[in-house]
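Input: a single structure, listed below in structure tokens.
None of these values were measured; they are calculated from a predicted model.
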Amino acid sequence: MKKLTAYGLIAVLGAAGILGGCKKSSDLEKVTLNEVAHSIFYAPQYVAIEEGYFKEEGIDLTLVTGFGADKTMSAVVSGEADIGFMGSEASIYAYNEGAADFAVNFAQLTQRAGNFLVAREVMPGFKWEDLKGKDVLGGRKGGMPEMVFEYILKQNGIDPAADLNINQSIDFGSTAAAFSGGQGEFTVEFEPGATTLEKEGSGYVVASLGVDSGYVPYTAYCTKTSFMEKHPEVVQGFTNALQKGMDYVNTHTPEEIAKVIEPQFKETDLETIMTIVKRYYDQNTWKENLVFEEESFNLLQDILEDAGELSQRAPYDKLVNTEYAVKAAK
């Protein structure tokens, strides 16, 4: 993974963009992006926003949080959002349900899961077998957090249905509060939930699902086929901006990244943001480019099948378009 080697080049390119690349606000194309959650896990996206990369590419971006892949996909399908950012399993579900104007994935952001297993006590010698017979606060059935969790359990010889009790009844984003309130012996948490629980002494991170699941195409950007056909220049500009954000996180320190994205997380102090960024940075969370490879798409469908959530496999060449990401990476 490239780190710090291109600092000077990017600084020069950034200055050039500010001096000559930005367009007047009246010339910008309005684009609504619906993200599945607002999380430091998606740092490259927020870098692109805060550094003005979308404006450099002629885009006036409105960011909306959907709070769940199902809700984000609904916003895309209905036309409420132009682009959706979520686990690409949602696009597979929609395609298999017979959507005529189906969503196509055009950029992959993260290559590892972004959640962590939190226990009520410090467990330096934690093994996944320790979850047998325990109550765990999990994720929504059919969603990536839950499926990756179950995938890891099975890889470790644990039956998710028989060997432990996974509570899937709590809304996304509310599990940390429920755990802090006394529910469950373990909880699967995104950031800042995991770090917040640690800081308040309510829980301790004992495992990273991102590390233990290996490289997984966890989140990607998609848009309806019709939008891509009508606005290819917008999709390309959007992807270019994301690539600039990706280049930034791969060539700067966690401290520098944290300072740039701090305005996106006003309720979180800089020290906590820095801690979380470093966690993701150290486990190689973000890709160097946005290309969604076929091998990754096949692995995703393996996980869906393993979880019993896939009625039939979807064709890669229909649900993934790599031309924008390839061009942006050049």
Side-chain angles (χ1 to χ4, degrees), residues 36-37 41 68-70 86-93 95-96 108 110-120 123-170 172 175-176 178-179 183-191 193-194 203-220 279-280 283-285 292-314 316 319:
V36 64
F41 184 39
D70 52 341
M86 71 206 94
S88 50
E89 78 283 354
S91 65
I92 295 174
Y93 297 154
Y95 178 83
N96 282 345
Q108 179 190 336
T110 54
Q111 61 183 2
R112 286 191 186 276
N115 40 4
F116 302 86
L117 184 69
V118 178
R120 292 206 173 275
M123 300 177 67
F126 172 80
K127 303 181 298 297
W128 287 98
E129 291 80 3
D130 295 335
L131 293 182
K132 288 186 175 181
K134 304 298 184 181
D135 292 327
V136 182
L137 304 186
R140 177 179 60 84
K141 178 177 170 57
M144 279 300 287
E146 178 63 23
M147 289 189 295
V148 170
F149 177 45
E150 293 185 11
Y151 175 75
I152 292 172
L153 293 176
K154 292 174 182 177
Q155 293 296 307
N156 285 274
I158 302 168
D159 185 336
D163 292 337
L164 68 162
N165 177 41
I166 303 175
N167 185 341
Q168 297 180 273
S169 66
I170 302 173
F172 180 84
T175 51
F179 187 75
Q183 293 190 51
E185 296 167 272
F186 293 83
T187 183
V188 178
E189 293 295 330
F190 273 100
E191 295 287 15
Y204 303 89
V205 172
V206 295
S208 165
L209 277 72
V211 170
D212 289 353
S213 64
Y215 290 113
V216 173
Y218 205 80
T219 51
R279 230 174 215 162
Y280 287 135
Q283 69 181 39
N284 199 17
T285 292
F292 195 160
E293 294 93 352
E294 186 169 6
E295 181 181 2
S296 296
F297 189 74
N298 290 337
L299 172 59
L300 171 62
Q301 297 203 84
D302 289 343
I303 293 172
L304 296 179
E305 281 187 335
D306 195 49
E309 296 292 339
L310 193 62
S311 58
Q312 62 181 23
R313 294 179 80 94
Y316 171 79
L319 290 191

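- Here the straight-line distance linking atom CD1 of Ile92 with atom CD of Glu309 works out to 12.0 Å at 0.5 Å rounding.
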>> Assess the residue pair Glu150 and Asp306 against the criterion (side chain to side chain contact (heavy atoms under 4.5 Å, CB included)); give the C-alpha distance rounded to whole Å, side-chain angles, the decisive distance to 0.1 Å, and a yes or no.
In response: CA-CA 9 Å; Glu150 293 185 11; Asp306 195 49; over 6 Å; no
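- Nearest heavy-atom pair, Met147 versus Tyr93, reported as atom, atom and distance to 0.1 Å: CE-OH, 3.6 Å.
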> side chain to side chain contact (heavy atoms under 4.5 Å, CB included) between Arg313 and Asn298: does it pass, once the steps are laid out?
Replying inline: CA-CA 9 Å; Arg313 294 179 80 94; Asn298 290 337; 4.0 Å; yes
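- At distances below 3.5 Å, at least one donor-acceptor pair connects side-chain atoms of Gln168 with backbone N or O atoms of Gly139.
- Phe186 places none of its side-chain heavy atoms less than 4.5 Å from the side chain of Leu164.
- Taken to the nearest 0.5 Å, the CG atom of Asp163 stands 10.0 Å off from the CD atom of Glu129.
- In summary, the side chains of Tyr215 and Asn284 do present a donor paired with an acceptor at a separation below 3.5 Å, with no hydrogens or angles considered.
- No more than 12 heavy atoms of other residues, nucleotides or ligands sit less than 6.0 Å from atom NZ of Lys134.
- Considering only heavy atoms from C-beta on, Arg140 stays 4.5 Å or farther from Pro145 through its side chain.
- Nearest heavy-atom pair, Gly133 versus Glu185, reported as atom, atom and distance to 0.1 Å: O-OE1, 4.3 Å.
- Ring planes of Phe41 and Phe190: tilted class, angle from 30 to 60°.
- Across every non-hydrogen atom of Ala178 and Leu137, the tightest pair is CB-CD1, 4.1 Å.
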>> What verdict does the side chain to side chain contact (heavy atoms under 4.5 Å, CB included) test give for Tyr218 and Ser213, after you've listed the backbone C-alpha separation in whole Å, the side-chain angles of each residue and the deciding distance to 0.1 Å?
In response: CA-CA 11 Å; Tyr218 205 80; Ser213 64; over 6 Å; no
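- A distance-only check finds a donor-acceptor pair linking the side chain of Glu189 to the backbone of Ala176 [under 3.5 Å].
- Formation of a donor-acceptor pair under 3.5 Å by the Asp130 side chain with backbone atoms of Lys127 is found in this model.
- Rounded to the nearest 0.5 angstrom, Asn167 CG and Thr187 OG1 are separated by 9.0 Å.
- Residue Ser91 holds its OG atom at 7.5 Å from CD of Glu89, rounded to the nearest 0.5 Å.
- The shortest side-chain heavy-atom distance between Leu117 and Leu131 falls under the 4.5 Å cut-off.
- Taking OG1 of Thr219 as the start and CZ of Arg112 as the end, the distance is 13.5 Å to the nearest 0.5 Å.
- The backbone N or O of Gly114 sits less than 3.5 Å from a side-chain atom of Tyr280, completing a donor-acceptor pair.
- In this structure, Arg120 contributes its side chain and Phe179 its backbone to a donor-acceptor pair below 3.5 Å.
- To the nearest 0.5 Å, atom CZ of residue Phe297 and atom CG of residue Asp302 are 11.0 Å apart.
- Leu319 is not listed as a side-chain neighbour of Phe292, based on a closest heavy-atom distance of 4.5 Å or more.
- Side-chain atoms of Gln108 do not come within 3.5 Å of backbone N or O of Ala220 as any donor-acceptor pair.
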> Can you check side chain to side chain contact (heavy atoms under 4.5 Å, CB included) on Ile170 and Gln183, steps first, answer last?
Replying inline: CA-CA 10 Å; Ile170 302 173; Gln183 293 190 51; 3.7 Å; yes
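- Here the shortest heavy-atom pairing between Val36 and Ala69 reads CG2-N, 3.3 Å.
- In this structure, Met123 and Val206 approach most closely via the heavy-atom pair CB-CG1, 3.8 Å.
- A donor-acceptor pair under 3.5 Å is formed between the side chain of Asn96 and the backbone N or O of Gln312.
- Taking each heavy atom of Leu209 and Ile152 in turn, the nearest pair found is O-CD1, 3.6 Å.
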